[in-house]
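Here's the structure we're looking at; comments come further down.
Below, read A as the first sequence line, B as the second, and so on, with proteins coming before strands; counting in each chain starts at 1. Note that the coordinates shown come from a computational prediction; the quantities given were computed from them, not determined experimentally.
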Amino acid sequence: MIKLYGIIILVAILGGVGYGAKYYYDTTQNTIAQLRENNSQLEVAVQTANESVETLQGDIAKMASLNRNLQEDLQKAEAYSDELRGKLSRLDLVVEALKNAKLLEGKMNGATANLWRDFMVDTGNSNEYPLPNWLQQSPTGAGNQNSSEGGKNSDTSGSTTEVTPTQ
Amino acid sequence: MKVEKTQIPVVARPKSLQLNDTRVFVVTKDNFEEFQEEFTELYGEFAFVALSMKDYENLALNIADIKRFLEQQNEIILYYEKAVTEEPKE
């Protein structure tokens, strides 16, 4: 009888141990699965964060470069105005007119014609517009000097009409 | 955290300028008669707008300043266009 009780107790103990082992195994497997899932989510999060950092760094570099270029271009746009102001301060137009009115007139008309063309180009008009006939037939005869608004000479008949470049 | 960019379409620019040529005459007491003759021959009537040299200078400076503003405005628009445009990835 004692032997029978001993066997029952032994079986109970073994059953308890087996159940405990099974419980431990299941719990551990669940934990591993959960951790694996968390890990993959974290990997995705880290990858997203890295990509975001790269994107932001790229944007910062791009904006810095754009900003630098913008400042340079804004400065360049001041050139025409500054040049004209300088020329007008050096020249006395009244004296120039009294010296040679036709020469000054040619320079003024040339500069104005080019200015209008530059305006058109600046706003995207890429058509070529010939100079007006009064510029092409300017009747004066003097050298290729700077006009009051500065620039290249584009006469077509040996006249002194000056045409202003802009930028 | 994921960086989401707002997509801003680049819009078309306004119609470009189409300007007319303008002519100035430089007139002094020495060439006034010649000017009167040439002007009347060209335009029929002897009526014109006169500007002093100082006012001509001011007009030129004003237009130069408008040109400066236009160019700078263009550059700023270009800046924004580039800023909202994705560069193709290599």
Kindly check if the number of other-residue, nucleotide or ligand heavy atoms within 6.0 Å of CD (B:Gln36) is above 12?
yes

Of all the heavy-atom pairs spanning B:Gln18 and A:Asn125, show the shortest one and how long it is.
OE1-ND2, 4.1 Å

Identify the heavy atoms of B:Thr85 and A:Lys62 that sit nearest to each other, and give their distance.
O-NZ, 2.8 Å

Name the option with the most non-hydrogen atom pairs under 4.5 Å to chain A; the candidates are B:Lys82, B:Gln72, B:Arg68.
B:Gln72

Treating Ile, Leu, Val, Met, Phe, Trp and Tyr as nodes and any side-chain heavy-atom pair under 4.5 angstrom as an edge, say whether A:Leu4 and A:Leu10 lie in one connected cluster.
no

Heavy-atom check, side chain of A:Phe119 versus side chain of B:Lys67, under 4.5 Å:
yes

Please state whether the side chain, the backbone, both or neither of B:Glu34 comes within less than 4.5 Å of a heavy atom of chain A.
side chain

Contacts table for residues 20-31 of chain B: side-chain donor-acceptor under 3.5 angstrom, sequence neighbours left out:
from: B:Asp21; atom 1: OD1; to: A:Arg117; atom 2: NH1; distance (Å): 2.8
from: B:Asp21; atom 1: OD1; to: A:Arg117; atom 2: NH2; distance (Å): 3.4
from: B:Asp21; atom 1: OD2; to: A:Arg117; atom 2: NH2; distance (Å): 2.9
from: B:Thr22; atom 1: OG1; to: A:Trp116; atom 2: NE1; distance (Å): 3.0
from: B:Arg23; atom 1: NH2; to: B:Glu38; atom 2: OE2; distance (Å): 3.3
from: B:Thr28; atom 1: OG1; to: B:Asp30; atom 2: N; distance (Å): 3.3
from: B:Thr28; atom 1: OG1; to: B:Asn31; atom 2: OD1; distance (Å): 3.4
from: B:Asn31; atom 1: OD1; to: B:Thr28; atom 2: N; distance (Å): 2.7
from: B:Asn31; atom 1: ND2; to: B:Val26; atom 2: O; distance (Å): 3.0

Any chance OH of A:Tyr24 has more than 12 other-residue heavy atoms, nucleotides or ligands included, within less than 6.0 Å?
no

Non-hydrogen atoms of chain A under 4.5 Å away: do they reach the side chain of B:Leu61, the backbone, both or neither?
both

With respect to chain B, which residue among A:Thr55, A:Leu74, A:Asn69 yields the maximal number of heavy-atom pairs within a distance under 4.5 Å?
A:Leu74

As an exercise, state the distance from CD1 of B:Ile63 to OG1 of A:Thr112, rounded to the nearest 0.5 Å.
7.5 Å

Any link between B:Phe48 and B:Leu42 through a network of hydrophobic side chains (Ile, Leu, Val, Met, Phe, Trp, Tyr) touching at under 4.5 Å?
yes

Determine the option with the most heavy-atom pairs under 4.5 angstrom with chain B, choosing from A:Asn127, A:Thr123, A:Asp92.
A:Thr123

Structural part of A:Ser81 lying under 4.5 Å from a heavy atom of chain B
both

So for A:Leu66, is it side chain, backbone, both, or neither that comes closer than 4.5 Å to the heavy atoms of chain B?
both

Any heavy-atom pair between the side chains of B:Tyr56 and A:Met108 that's under 4.5 Å?
yes

Are more than 12 heavy atoms, taken from residues, nucleotides or ligands other than B:Glu33, located less than 6.0 Å from that residue's CD atom?
no

Give, as side chain, backbone, both or neither, the part of A:Asp59 having an atom under 4.5 angstrom from any heavy atom of chain B.
side chain

Using only non-hydrogen atoms and a strict under-4.5 angstrom cutoff, which residues of residues 74-81 of chain B touch chain A?
B:Asn74, B:Glu75, B:Ile76, B:Tyr79

Within the supplied structure, the quantity of interest is the number of heavy atoms (other residues, nucleotides, ligands) at a distance under 6.0 Å from B:Phe69 CZ; does it exceed 12?
no

A:Val17, A:Ile9: one ILVMFWY side-chain cluster at the under-4.5 Å cut-off?
yes

Give the cluster check for A:Leu93 versus A:Leu98: same hydrophobic cluster or not, with ILVMFWY residues linked at side-chain heavy-atom distances below 4.5 Å.
yes

More than 12 heavy atoms of other residues, nucleotides or ligands under 6.0 Å from CD of A:Gln41: is that the case?
yes

Residues B:Leu17 and A:Met120: closest non-hydrogen pair is O-CG, 3.3 Å

Decide if atom OH of A:Tyr23 counts as having more than 12 heavy atoms of other residues, nucleotides or ligands within a radius under 6.0 Å.
no

Test of understanding: clusters of I, L, V, M, F, W, Y form through side-chain heavy atoms closer than 4.5 Å, transitively. Do B:Leu59 and A:Tyr80 belong to the same one?
yes

